[in-house]
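Heads up, the thing below is written out as structure tokens.
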Amino acid sequence: MDRLGEGNVPPAFREESDLVKRRLEKLEEWKARGIEPYAIKYPHEDTTTRIRQRFHELGNGEESGYRASLAGRLMALRRHGKACFADLEDGWGRLQLLAAVDSLGEEGYTLFQELDIGDWIGVEGQVFRSRRGELTLRVSRFQLLSKSLRPLPEKWHGLKDVELRYRQRYLDLMVNPEVKRNLLVRVRTIGELRRFLDERDFIEVETPMLQPIPGGATARPFVTYHQALGEDLYLRIAPELYLKRCVVGGLERVYEINRNFRNEGISYKHNPEFTMLEFYWAFVDYLELADFLEEMLTQVVKAVKGELRFTYQGQELDLTPPWRRVTMLEALGEVLGRPVSSSTPVEELRELSARREVPLEEGWGAGKIMTELFEKLVEPELWSPTLVMDYPREVSPLARVHRSDPFLTERFELIVAGREIANAFSELIDPLDQRRRFEEQASQRERGDDEAHLVDHDFLRALEYGMPPTGGLGLGVDRLVMLLTDAHSIREVILFPHLRSEA
RNA sequence: GGGCCGUUAGCUCAGUCGGUAGAGCACCGGACUUUUAAUCCGGGUGUCCUGGGUUCGAUUCCCAGACGGCUCACCA
């Protein structure tokens with residue numbers, strides 16, 4: 001038979017490799033024999049890991065006397081003439097199969113041998129432990145559940161090409177176990193964050209992804225268009241202003257864990273859509289939030305990692321509280337080798353920036369320049385968890401003015417491994433002050449800062465009804481998961497990271 | 001968006017100082033009833049990312065482009 005005859009190859013597959021064409025031929029052969037290659041369902045009793053747990057104690061060469069049924073993907077085949085070992089992988093783990101003429105008969109065994117790596121099959125048979133100590137299912141019945149037409153990546157080196165890993169994450173999941181492991185850490189982290197907040201009577205809400213005025217952060221938004229309304233809408237850059245509306249409405253403890261979208265550069269720590277936890281808690285200030293964050297992350301990390309000390313990118317990281325607390329100006333002063341304060345003149349700051357080769361823009365005030373210097377010179381050096389307190393008012397349009405210094409706000413950021421993990425403040429609840437801040441933002445916008453905040457009149461109206469004193473916090477979930485999975489790139493903790501479209 | 005680097009078989013990679021390329025796994029044929037990176041014998045399956053240029057001849061050199069990585073900028 002001409003296995004590679006073009007006559008049998010559907011047009012869509014003409015360009016494919018011989019490996020694919022061979023599998024198509026096999027598919028047609030099986031169909032011709034009356035075998036359905038894509039089953040409707042396959043009820044079964046067991047999973048690989050449950051069998052492993054159950055027969056943990058079974059000795060080498062012993063029979064369990066248990067007849068199991070399993071379904072999974074064939075990941076390896078070791079043929080030995082009249083017997084054949086195979087590895088079956090299901091959603092939980094792997095188990096070895098033994099197919100032999102003895103238990104399958106001539107016809108069944110021949111079919112089994114024709115299976116390809118990657119095929120989904122259902123199997124039934126007795127469980128035993130082989131002489132070499134491998135727990136094994138002796139196949140007495142099997143059924144093809146889904147024919148795989150494409151060859152899997154190499155069994156030993158796996159799939160390394162990062163572009164293929166991200167574009168074809170399903171392959172990455174099949175052959176690189178750490179992908180699933182990282183995903184589970186992510187899932188557990190989010191679960192623990194939810195649990196922590198739920199236990200403290202926070203309620204989870206869902207606020208708009210499509211917003212007429214993008215607010216709550218300084219970032220370029222994605223724009224889209226609503227046909228029926230005939231108006232532009234923006235994918236949210238933050239949920240902040242809506243969560244605060246919830247607090248105005250009397251939801252004293254609210255949170256949301258969901259996606260934000262920012263139309264900025266893509267890098268190892270930036271994906272255009274990323275997951276953020278934001279919560280708002282009425283009647284507390286930022287100092288209480290700092291304690292709360294310490295407690296929350298301590299509990300979450302213990303639950304997920306089992307310990308607070310671990311290695312990140314080859315360097316030890318210790319999240320044991322209490323974390324270092326330092327004001328932004330102190331930290332900046334230390335690095336600059338001279339004290340910086342609210343009254344440090346702009347000219348002096350510009351001079352310091354020039355000396356440290358930190359480029360500045362026209363129109364930046366003292367607060368913005370200090371923040372720039374801090375982010376360029378100090379933040380990357382902060383490895384151990386550090387709560388950086390009291391950011392300038394100029395860069396914090398939604399935060400309350402500091403109780404003892406009007407140049408500053410009651411705001412802190414948590415920096416770990418040189419990256420911002422969380423950002424929190426005593427919220428600005430004074431509608432008149434908030435209006436003034438929006439106006440300042442508007443004038444920054446006129447001076448060319450197209451990321452300055454837009455005025456949200458309905459948000460101001462909400463504040464005018466009265467918002468209770470509130471503390472609010474945002475936490476970058478992907479970045480936290482990066483720490484917990486020792487991931488160098490944010491793409492390792494997002495299942496389908498954004499890539500340019502294929503050519 | 002800028003700079004640097006990369007793209008060779010299904011996968012992981014080598015290589016060609018310019019004469020259309022080769023290993024392992026996978027795959028195909030054969031042997032084998034206890035292997036588990038099975039083993040043994042035989043077989044290399046390719047648009048060397050794409051398009052131009054130089055050249056008798058380009059996968060190799062040059063230019064442009066696509067995609068990716070790192071990095072800088074922006075941002076979290």
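No experiment lies behind these values; they were computed from the predicted model shown. Letters go in sequence order (proteins before strands), and every chain restarts at 1.
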Inset, instruction - Please measure how far the C1' atom in B/G24 lies from the corresponding atom in B/G15, and state the result in whole Å. - result: 15 Å
Inset, instruction - Determine the contact category for A/Gly158: base if any of its heavy atoms lies under 4.0 Å from a base atom, sugar-phosphate if only primed atoms, P, OP1 or OP2 are that close, otherwise nothing. - result: sugar-phosphate
Inset, instruction - Using both distances under 3.5 Å as the test, list the Watson-Crick or G-U wobble partner of B/U16, or none. - result: none
Legend entry - Heavy-atom donor-acceptor pair, A/Ser267 side-chain to B/U71 base, under 3.5 Å: no
Inset, instruction - Could you please name the partner base of B/G1, counting Watson-Crick and G-U wobble pairs only when both distances are under 3.5 Å? - result: B/C72
Inset, instruction - Report yes if a side-chain nitrogen or oxygen of A/Ser501 is closer than 4.0 Å to either non-bridging phosphate oxygen (OP1 or OP2) of B/A66; otherwise report no. - result: no
Legend entry - Distance test, side-chain N/O of A/Lys26 to OP1/OP2 of B/C27, below 4.0 Å: no
Inset, instruction - Report yes if a side-chain nitrogen or oxygen of A/Arg132 is closer than 4.0 Å to either non-bridging phosphate oxygen (OP1 or OP2) of B/U36; otherwise report no. - result: yes
Inset, instruction - Can you label the angle between the A/Tyr255 ring and the A/Phe202 ring as parallel, tilted or perpendicular, going by 30° and 60°? - result: perpendicular
Legend entry - Side-chain N or O of A/Arg491 closer than 4.0 Å to phosphate OP1/OP2 of B/C70: yes
Inset, instruction - Tell me whether the OP1 or OP2 atom of B/G68 has a side-chain N or O from A/Arg500 closer than 4.0 Å. - result: yes
Legend entry - Paired nucleotide for B/U47 [Watson-Crick or G-U wobble; both distances under 3.5 Å]: none
Legend entry - Same-atom distance (C1') from B/G19 to B/A23, integer angstrom: 23 Å
Inset, instruction - Give a yes/no on whether any side-chain N or O of A/Arg94 is located under 4.0 angstrom from OP1 or OP2 of B/U36. - result: no
Inset, instruction - Identify, between A/Glu273 and A/Arg23, the residue whose nearest nucleotide on RNA chain B lies closer to the 5' end. - result: A/Arg23
Inset, instruction - Verify the contact: side-chain N or O of A/Arg131 to OP1 or OP2 of B/U34, cut-off strictly under 4.0 Å; return yes or no. - result: no
Legend entry - A/Glu492 and its salt bridge (Lys or Arg N to Asp or Glu O under 4.0 Å) partner, picked from A/Lys269, A/Arg479, A/Arg165: A/Arg165
Inset, instruction - Check whether any side-chain N or O of A/Lys155 sits under 4.0 Å from OP1 or OP2 of B/A26, and answer yes or no. - result: yes
Inset, instruction - Go through the N and O atoms of the side chain of A/Asp161 and the base of B/U7, and report whether any donor-acceptor pair is under 3.5 Å. - result: no
Inset, instruction - Look at the side chain of A/Glu163 and the base of B/U7, then say whether one donor and one acceptor between them are separated by less than 3.5 Å. - result: no
Inset, instruction - Could you please name the partner base of B/A66, counting Watson-Crick and G-U wobble pairs only when both distances are under 3.5 Å? - result: B/U7
Legend entry - Whole-Å C1' distance, B/U16 and B/U60: 7 Å
Inset, instruction - May I ask you to decide if the ring planes of A/Tyr312 and A/Trp383 are parallel, tilted or perpendicular, using 30° and 60° as cut-offs? - result: tilted
Legend entry - Which residue lies more 5' along RNA chain B, comparing A/Asp87 with A/Leu159 via nearest heavy atoms: A/Leu159
Legend entry - Residue matched to B/U39 through Watson-Crick or wobble contacts both under 3.5 angstrom: B/A31
Legend entry - Distance below 4.0 Å between A/Arg479 side-chain N/O and B/A76 OP1 or OP2: no
Please set out all donor-acceptor pairs under 3.5 angstrom arising from side-chain atoms of residues 151-159 of chain A, sequence neighbours excluded.
from, atom 1, to, atom 2, distance (Å)
A/Glu154, OE1, A/His157, N, 2.8
A/Glu154, OE1, A/His157, ND1, 2.6

Inset, instruction - Tell me whether the OP1 or OP2 atom of B/U36 has a side-chain N or O from A/His80 closer than 4.0 Å. - result: no
